[in-house]
Amino acid sequence: NSTQQLLHPTKWVAEPALWTTWWHRGVLKAATSGGEMAYVASKDFANCAKMHPRPWQFCRNYARRFVSHMNATDFKTFSDLPFLDDEAVKTILD
């Protein structure tokens, strides 16, 4: 029983993999050709961010809030697709 969802331009997949241990929740397939994707290795991202104190602090604070939000969310709603609504993102960023 698979569900298909369309990922719109400027959206991302698997953000939790940057902030916590993450197991992917499905298969990502391109609906059409010509799309673009950038891969960011979480360890490389962390190592790069650590070299710059201000971005590193931002990332650490964001990660704590992101994981806190995940812990308060029903895990059945977790997805590799963006699962934070605008209000959740605003709360995390405030």
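One-based numbering along the sequence shown. Values below: every heavy atom of this structure, side chains too, minus hydrogens, waters and symmetry copies.
Residue L93 is grouped with residue M70 when hydrophobic side chains (ILVMFWY) are merged at heavy-atom distances under 4.5 angstrom, including chains of intermediate members. Cluster membership check: W12 does not share its hydrophobic cluster with V27, using side-chain heavy-atom separations under 4.5 Å among Ile, Leu, Val, Met, Phe, Trp and Tyr. Hydrophobic cluster membership is shared by F66 and V40, with clusters built from Ile, Leu, Val, Met, Phe, Trp and Tyr side chains linked at under 4.5 angstrom. If you chain together hydrophobic residues whose side chains sit under 4.5 Å apart, V89 and V67 fall into the same group.
Considering all non-hydrogen atoms of both residues, A46 and W56 come closest at O-CZ3, 3.8 Å. Closest non-hydrogen pair, C48 versus H52, comes out as O-CD2, 3.3 Å. Of all the heavy atoms in D74 and T77, the pair that sits closest is O-OG1, 2.7 Å.
Here CZ of F78 is found 7.0 Å from CZ of R25. Values are rounded to the nearest 0.5 Å. A distance of 9.5 Å separates OH of Y62 from NE2 of H69, quoted to the nearest 0.5 Å. Separating the CH2 atom in W22 from the OG atom in S42 is a distance of 13.0 Å, to the nearest 0.5 Å. Taking CD of E87 as the reference point, atom CD1 of I92 lies at 10.5 Å (rounded to 0.5 Å).
Side-chain atoms of L28 and V13, non-hydrogen and from C-beta on, do get closer than 4.5 Å to each other.
Take F58 and apply the ring pair (Phe, Tyr, Trp, His ring centres under 6.0 Å) test, not counting sequence neighbours, and it matches no residue.
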